K.L.:
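I have a structure I would like to understand better, so I am pasting it below and will then ask my questions one at a time.
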Amino acid sequence: MQTSQITRYEHPLTEKVRIYLRLDYLLRQMQHSSNQNDPWQYKIFFNALFDLLEILDQVQVKTDLAKDIDKQRQQLKSWLNIDGVDEYALQQMIDAMEQAHKALISSPRLGQSLREDRFLSSIKQRFSIPGGSCCFDLPSLHHWLHLPNEEKQSAMKAWLGELDELQDALNLWLKLIRETAQYKTHHARNGFFQYDAEDACLLRLEICAKDGVYPMISGHRNRFAIRFSPFTEGEPVASDLEFKLAIC
């Protein structure tokens, strides 16, 4: 498979990882849109920001993520005396995780300053209404959009900075989880594949784009099934479909 022809997917097998992936997705949207000068990109930034705050209001992310970071750190420490391990690289990762853990624990409630921001609070509710961010609905937003780019960039950088502890800890945790497994080639018979896993939490798939299919995944951390569906209705699925899978 050539890299240019590959479509990559990730699928969580636990509810906690599902939340982490959603937060990661929203943070990446915010980061990308904050670096654009196109005024339409700012709506993406605010939509992602308000969605993220909604998740943080519903779930105790800080406590769970701190526990998971510490658990990973303890696991890495147990590898320090194993023959053949790059102790320097491992110690660097342990130190990074310890720093991220301390920063997360000592931080105030995640996103609290964003909830208290006067401007964000004044526009948040309208973003939940279809088309509610029109200039006649939110003249304050319309004014903000016409501020100099430097001023808008500075504001978004400051808002993102309030989520640094979350982003740093999340990036480290996901990096280590993703690196726990290598991609292996598998075959789906008539578009179907099932597998017994052992305490897995994340699936990563690579599918050749020209096959014209996408995966529908169901299951849990010990057993899962993948059904490949054709994107174009009526198109057949290969009887022996090759794909790559990493079970993390």
Side-chain angles (χ1 to χ4, degrees), residues 3-12 17-57 59 61-62 65 69 92-93 96-97 99-100 103-104 107-135 137-179 202 204 206 209:
T3 303
S4 60
Q5 298 177 326
I6 296 300
T7 305
R8 295 181 174 88
Y9 298 85
E10 288 188 329
H11 186 85
V17 177
R18 187 183 303 275
I19 292 168
Y20 289 171
L21 289 178
R22 283 176 176 162
L23 291 171
D24 177 59
Y25 171 72
L26 293 170
L27 285 166
R28 285 188 287 112
Q29 279 191 55
M30 291 172 62
Q31 191 68 55
H32 176 79
S33 56
S34 70
N35 293 322
Q36 309 300 313
N37 291 326
D38 182 353
W40 294 106
Q41 288 287 334
Y42 298 122
K43 190 172 187 300
I44 296 175
F45 177 90
F46 289 121
N47 271 326
L49 172 59
F50 297 143
D51 282 352
L52 185 143
L53 290 177
E54 188 70 24
I55 293 175
L56 294 180
D57 284 340
V59 185
V61 173
K62 176 180 173 179
L65 185 55
I69 285 287
Q92 282 190 315
M93 179 60 72
M97 298 199 78
Q99 182 177 353
L104 190 62
S107 68
R109 183 187 179 197
L110 293 176
Q112 185 58 33
S113 61
L114 300 176
R115 296 180 186 90
E116 297 171 351
D117 185 281
R118 184 180 63 83
F119 172 66
L120 295 178
S121 298
S122 71
I123 68 174
K124 181 177 183 293
Q125 187 174 4
R126 301 299 303 182
F127 267 78
S128 63
I129 301 172
S133 59
C134 289
C135 66
D137 280 314
L138 285 177
S140 60
L141 175 63
H142 194 62
H143 171 81
W144 187 87
L145 291 173
H146 286 80
L147 293 176
N149 281 333
E150 296 77 12
E151 191 170 341
K152 288 182 290 190
Q153 294 282 338
S154 176
M156 288 187 290
K157 183 178 180 181
W159 291 328
L160 276 167
E162 298 296 330
L163 298 167
D164 279 348
E165 291 84 3
L166 170 64
Q167 188 161 32
D168 290 345
L170 196 59
N171 286 344
L172 274 174
W173 191 87
L174 287 172
K175 172 182 169 62
L176 284 176
I177 288 297
R178 286 165 173 151
E179 291 178 352
L202 176 67
R204 309 184 74 200
E206 291 187 349

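Computed from a predicted model, the values in this text were never measured in an experiment.
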K.L.:
What is the distance from atom CH2 of Trp173 to atom CG of Leu65, rounded to the nearest 0.5 Å?
P.N.:
8.5 Å
K.L.:
Could you go through the side chain to side chain contact (heavy atoms under 4.5 Å, CB included) check for Leu26 and Asn47 one step at a time?
P.N.:
CA-CA 9 Å; Leu26 293 170; Asn47 271 326; over 6 Å; no
K.L.:
I'd like to know whether Ser121 forms a side chain to side chain contact (heavy atoms under 4.5 Å, CB included) with Arg115, so could you lay out the CA-CA distance, the side-chain angles of the two residues, the decisive distance to 0.1 Å, and finally the verdict.
P.N.:
CA-CA 6 Å; Ser121 298; Arg115 296 180 186 90; 5.8 Å; no
K.L.:
How close do Leu145 and Tyr42 get, heavy atom to heavy atom, and via which atoms?
P.N.:
CD2-CD1, 3.5 Å
K.L.:
Rounded to the nearest 0.5 Å, what's the gap from CG on Leu114 to CG on Leu163? Could you check?
P.N.:
5.0 Å
K.L.:
Does Glu10 pair with Arg178 as a salt bridge, N-O distance under 4.0 Å?
P.N.:
yes
K.L.:
Got more than 12 heavy atoms from elsewhere within 6.0 Å of CZ, Phe119?
P.N.:
yes
K.L.:
Near Gln125 CD, under 6.0 Å, is it more than 12 heavy atoms from other residues, nucleotides or ligands?
P.N.:
no
K.L.:
Mark yes when over 12 heavy atoms from residues, nucleotides or ligands other than Gln36 sit less than 6.0 Å from its CD; otherwise mark no.
P.N.:
yes
K.L.:
Would you confirm whether Asn35, through its side chain, and Gln31, through its main-chain N or O, come within 3.5 Å as a donor-acceptor pair?
P.N.:
yes
K.L.:
Any side-chain heavy atom of Asn37 sitting closer than 4.5 Å to one from Gln153?
P.N.:
yes
K.L.:
What are the two closest heavy atoms between Ser107 and Glu165, and how far apart are they?
P.N.:
CB-CG, 4.0 Å
K.L.:
Is any side-chain heavy atom of Leu141 closer than 4.5 Å to a side-chain heavy atom of Phe127?
P.N.:
yes
K.L.:
Is Glu54 close to Lys124 at the side-chain level, that is, under 4.5 Å between some pair of heavy atoms?
P.N.:
yes
K.L.:
With a 6.0 Å cut-off on ring centres, are Phe46 and Trp144 close enough?
P.N.:
yes
K.L.:
Where do Ser122 and Leu138 come nearest, in terms of heavy atoms and distance?
P.N.:
O-CD2, 4.0 Å
K.L.:
To check you understand the geometry: which heavy-atom pair defines the closest contact between Gly131 and Asp137, and what is its length?
P.N.:
O-OD2, 3.7 Å
K.L.:
Does His11 form a side chain to side chain contact (heavy atoms under 4.5 Å, CB included) with Arg204? I'd like the steps, not just the answer.
P.N.:
CA-CA 7 Å; His11 186 85; Arg204 309 184 74 200; over 6 Å; no
K.L.:
Please report the interatomic distance CD1(Ile69) to CG(Leu176), rounded to the nearest 0.5 Å.
P.N.:
7.5 Å
K.L.:
Do Phe45 and Gln29 have side chains that get closer than 4.5 Å, going by heavy atoms?
P.N.:
no
K.L.:
Can you tell me how far apart CG (Leu104) and CG (Leu110) are? Round to the nearest 0.5 Å.
P.N.:
6.0 Å
K.L.:
Hey, what do you get for CZ (Arg118) to CD1 (Ile123), rounding to the nearest 0.5 Å?
P.N.:
11.0 Å
K.L.:
Below 4.0 angstrom, N of the basic side chain to O of the carboxylate: do Asp57 and Arg109 qualify?
P.N.:
yes
K.L.:
Could you please spell out the steps behind the side chain to side chain contact (heavy atoms under 4.5 Å, CB included) verdict for Lys175 and Met93?
P.N.:
CA-CA 11 Å; Lys175 172 182 169 62; Met93 179 60 72; 3.7 Å; yes
K.L.:
Contact between Thr7 and Tyr9 at the side-chain level, heavy atoms closer than 4.5 Å - yes or no?
P.N.:
yes
K.L.:
Atom NE2 of His32 and atom CZ of Arg28: how far apart are they, to the nearest 0.5 Å?
P.N.:
11.0 Å
K.L.:
Of all heavy-atom pairs between Leu160 and Ser34, which one has the smallest distance, and what is that distance?
P.N.:
CD1-OG, 3.6 Å
K.L.:
Between Leu170 and Asp24, what is the shortest heavy-atom contact and its length?
P.N.:
CD2-N, 3.6 Å
